[in-house]
Structures are given as structure tokens and as C-alpha cells.
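Below is one structure, written out as C-alpha cells; the observations come after it.
Chain letters run A, B, ... following the sequence lines, proteins first, then strands; residues in each count from 1. Just so you know, these numbers come straight off a predicted model, no measurement behind them.
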Amino acid sequence: MKHSTIPKKFYMRNPKEVAVDLLGKIVTRRYGEKIISGYIVEVEAYYGREDPASRARRGGNLAETMRGEVGVALIYGIHRQWLFNVVAHEKDSVGAVLIRAVHPLKGLELMMKFRGTSNLKELTNGPGKWTKAFKIDKKFHGTPLYLEGGELKITEGLRIEKDRIQYAFRIGVSRDLPTPLRFYIKDDPYVSRRRRNV
DNA sequence: CGCCAGATTGACT
DNA sequence: GTCAATCTGGCGG
């Protein structure tokens, strides 16, 4: 079954709305002749200067990217991980959506190879884990995700019922906004787990 | 230029 | 439970 890519204008909205609507969409990575794919099960929205947890606050290249063209990848390196975001915001605004976890569909063997583990449950259930499984790194920074022939793209996927969408405060941020900006699919085994006693 | 902090993960006491 | 690895940008903590 063939899925078409999500058009650029999809990302030209409030990051929170884009985040919710990205749940169930499919991320596809073409690696040579092989395909690695999975559907999005957990996301977080980030804003501009008004958001104390946003990278856009610091300025620099990442802030410029968050301010720039929507629908492109923003790769954020931290703690030896590459975190993957999609730039999303309204006109003349700033924002991005962090993809925190995906549910594997195709290319399981490659994912296990790239992750260095055969533990299926741990393959893609975290922001740094799934990017490693998909072999996504800095080289994709700025790549448009709406091109049909792209090496990395986001396409239509599963339809997620409203009552299966849960929300919560963002994970790992020390200063959050007063609104829940983390969204995930209820009961999906690949949603990241908060570490106990932290 | 060095140090700090942050949207994390995995190894080890 | 604790700690370190390592990318980025700001600041002189």
C-alpha cells in the first residue's frame, strides 16, 4: 500500500495542533535499497522565545531553523543522541515538533543492527533510540520531509481515534509551560517510559 | 577559550 | 541509584 507524503502546508499551523495530528503518521527512511519505517506514537510541541524549554530561546542555527521554512527536519544533538524534530509554526512564528517515539513497521532487522540490540521493545521507544534505529543524524538537518522521492519523509498513516490520544507535560524539561504539550497514543507499547525515581 | 546546561541513554556500583 | 558520553550556543556562574 502506497502512502503519499504530508504536504508542506500541514506544518504551517500551531505546533501543538501539528503535534497531535502527527500521531499515527509514518516516518520512512530509505537506506540504499532497504526501507525502514514506523508510525509516530509520541510527540512534543515546542515554541519560540515564550517557551522556556525551547532551543529557539538560545538563538543560533537551531533557532534560525525553527523560525524558518516549515516541513523540514531539525536535528538536535544532545547527550550523544540525535533528536528529530519537524519545523512547524504559523506564518511569521517559531516552533517545532519533537518526535519522541515511533512504532516499527518495516526494516526491523536493520533497526536491530543500527541499535545494536535484538530487544524489540527497546528499539524505538525514545527520542534518541528511534533516530539511531533509523540511522538519522546531523546530515538530515534541514531536509524537507514532504518530498515523495526523499530519503527521509513523513507520509499519511494510521487513523488515530481522538479517545486514544493522551496528553501530559513534556518529559525532561526543567521549566515547562503551564500547558501539557506532550501527546501520545494510549497503550502503544513504544511510547517512551519515564524512568522511575527521577 | 573553558565551562555550563540541556528535549537522553545505557552501563555499572 | 549514580555517572558519563558529547552537541550546541551563551556567557564569563
Rounded distance in Å between the C1' positions of dT6(C) and dT13(B): 23 Å
ring centroid sep under 5.5 Å plus plane angle under 30, Y46(A) with dA7(B): yes
Nearest-nucleotide pick for N85(A), side chain only, options being dT8(B), dA7(B), dA5(B): dA7(B)
dT9(B) and dG9(C), which share atom name C1', separated by this distance in whole Å: 23 Å
N125(A) CG to N119(A) CG distance, which is reported to the nearest 0.5 Å: 8.5 Å
Whole-angstrom distance between dG10(B) and dT8(C), as gauged at atom C1': 22 Å
Candidate pair R182(A) and D176(A), rule salt bridge (charged side-chain N to carboxylate O under 4.0 Å, His left out), full reasoning: CA-CA 11 Å; R182(A) 170 175 175 245; D176(A) 205 348; over 6 Å; no
Pair R29(A)-E151(A), salt bridge (charged side-chain N to carboxylate O under 4.0 Å, His left out): steps then yes or no: CA-CA 6 Å; R29(A) 164 78 156 104; E151(A) 210 175 331; 3.2 Å; yes
Short side-chain N/O contact to dA5(B) OP1/OP2 from S174(A), under 4.0 Å: no
Below 4.0 Å: OP1/OP2 of dG10(B) and any side-chain N or O of K129(A): yes
Nucleotide nearest R80(A) when distance is taken to its side chain, options dA7(B), dG6(B), dA5(C): dA5(C)
Nucleotide paired to dA7(B) in any strand shown, Watson-Crick or G-U, under 3.5 Å: none
Who pairs with dT6(C) - Watson-Crick or G-U, where each distance is under 3.5 Å: none
Distance test, side-chain N/O of R100(A) to OP1/OP2 of dT8(B), below 4.0 Å: yes
